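Atoms within each ligand, like the ligands themselves, are counted from 1 in listed order. None of the values given here were measured: they were computed from a predicted structure.
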Amino acid sequence: VVSYVSSADGIRHDQLEGGFFVGWPVNPSPQRHLELLRGSYAVELALDAGRVIGFATAISDGVISAYIPLLEVLPEYQGQGIGTELMGRLVAQLEGLYMIDLSCDARLEGLYEGLGFQPLDRAMGQRNRDNLG
Ligand SMILES: CC(C)(COP(=O)(O)OP(=O)(O)OC[C@H]1O[C@@H](n2cnc3c(N)ncnc32)[C@H](O)[C@@H]1OP(=O)(O)O)[C@@H](O)C(=O)NCCC(=O)NCCS
């Protein structure tokens, strides 16, 4: 049975050892993963039998804007609505802000449009992989 929590308080790094960051150039360790959860403005975690099997994070100024950098569900749990549930809960936490941005692959536009997101003209970014591990 999958349950959801809106905080990383009390989560240990060994609960994050399921194999997140699939396909990333360097995998942040479970310790780094816990650190980024604790450093986020808002988080949503999905748990099964004490193991974190999905997560989403938001960073924010707490006044008008937020950005959602990370959403991932472990491969063996995908396709069951968990990603949609995590995002819906995270967006609900951000109610009251003016802008909530994220960038995503084209294949995921349907997921986000269903949650009230619309395509923006263009996004830009840089990736410094030396800072990942
Ligand atoms: C994106 C992700 C979090 C979705 O999690 P999930 O629990 O499988 O999502 P859901 O079951 O709620 O499905 C949401 C929608 O995404 C689609 N979807 C999910 N995984 C998909 C995949 N691998 N390829 C194509 N579509 C996918 C589902 O078909 C569904 O579409 P629908 O609502 O039109 O039926 C998950 O696939 C994942 O962790 N992917 C790797 C990391 C990633 O891409 N993160 C998003 C960064 S923007």
Short side-chain donor-acceptor distance under 3.5 Å, E113 and Q118:
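No, because no side-chain N or O of Q118 sits under 3.5 Å from a partner of the opposite role on E113.
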Please compare R107, E113, E72 and report which has the shortest non-hydrogen distance to atom 23 (N) of ligand 1.
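Comparing heavy atoms across R107, E113, E72, the nearest one to atom 23 (N) of ligand 1 lies in R107.
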On a heavy-atom basis, I'd like to know which of G83, P75, G23 is closest to atom 6 (P) of ligand 1.
G83
Identify, by atom number and element, the atoms of ligand 1 in contact range of [X], meaning under 4.0 Å from any of its heavy atoms.
| X | answer |
| --- | --- |
| Q78 | 8 (O), 23 (N), 36 (C), 37 (O), 38 (C), 39 (O), 40 (N) |
| S103 | 48 (S) |
| L111 | 14 (C), 15 (C), 16 (O) |
| L71 | 3 (C), 42 (C), 43 (C), 45 (N), 46 (C) |
| Q80 | 11 (O) |

Nearest non-hydrogen partners of L94 and A58, listed with the distance
CD1-CB, 3.9 Å
Mutual orientation of the aromatic rings belonging to F21 and F55 [parallel < 30°, tilted 30-60°, perpendicular > 60°]
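Plane angle between 30° and 60°, so tilted.
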Do [X] and [Y] come within less than 4.5 Å of each other through their side chains, counting heavy atoms only?
| X | Y | result |
| --- | --- | --- |
| L111 | T84 | yes |
| L37 | L16 | yes |
| I53 | L47 | no |
| V22 | P75 | yes |

Return a yes/no value: protein heavy atom under 4.0 Å from [atom]?
| atom | result |
| --- | --- |
| atom 42 (C) of ligand 1 | yes |
| atom 16 (O) of ligand 1 | yes |
| atom 19 (C) of ligand 1 | no |
| atom 2 (C) of ligand 1 | no |
| atom 45 (N) of ligand 1 | yes |
| atom 35 (O) of ligand 1 | no |
| atom 28 (C) of ligand 1 | no |

Among protein heavy atoms, which sits nearest to [atom], and what does the distance come to when rounded to 0.1 Å?
| atom | value |
| --- | --- |
| atom 13 (O) of ligand 1 | T84 OG1, 3.9 Å |
| atom 11 (O) of ligand 1 | G81 N, 2.7 Å |
| atom 8 (O) of ligand 1 | G79 N, 2.7 Å |
| atom 39 (O) of ligand 1 | V73 N, 2.8 Å |

Cationic N near anionic O, under 4.0 Å, E76 to R51:
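Looking at R51 together with E76, the answer is yes, because their closest N to O distance falls below 4.0 Å.
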Between [X] and ligand 1, which part of the residue brings a heavy atom under 4.0 Å of the ligand: side chain, backbone, both or neither?
| X | result |
| --- | --- |
| Y112 | side chain |
| E85 | neither |
| L108 | side chain |

Mark yes or no for whether D61, through its side chain, and V63, through its backbone, hold a donor-acceptor pair below 3.5 Å.
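Yes, D61 side chain to V63 backbone: donor-acceptor pair under 3.5 Å.
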Would you find more than 12 non-hydrogen atoms of other residues, nucleotides or ligands less than 6.0 Å from E95 atom CD?
no
Using the side-chain hydrogen bond (donor to acceptor under 3.5 Å, both in side chains) rule, take S103 and Y67 through it: C-alpha gap first, then chi angles, then the decisive distance, then the call.
CA-CA 9 Å; S103 57; Y67 183 72; 3.2 Å; yes
Following the transitive rule for hydrophobic clusters with a side-chain heavy-atom cut-off under 4.5 Å over Ile, Leu, Val, Met, Phe, Trp and Tyr, establish whether M99 and L97 coincide in one cluster.
no
For C104 and ligand 1, does the shortest N/O to N/O distance drop below 3.5 Å?
no
Whether G114 lies under 4.0 Å from ligand 1, heavy atom
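No heavy atom of G114 comes that close to ligand 1.
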Could you walk me through whether I82 and Y4 pass side-chain contact (heavy atoms from CB on, under 4.5 Å), step by step?
CA-CA 9 Å; I82 296 168; Y4 296 88; 3.7 Å; yes
Using side-chain contact (heavy atoms from CB on, under 4.5 Å), reason through L36 and L70 one step at a time and then give a plain yes or no.
CA-CA 10 Å; L36 75 85; L70 296 170; 3.5 Å; yes
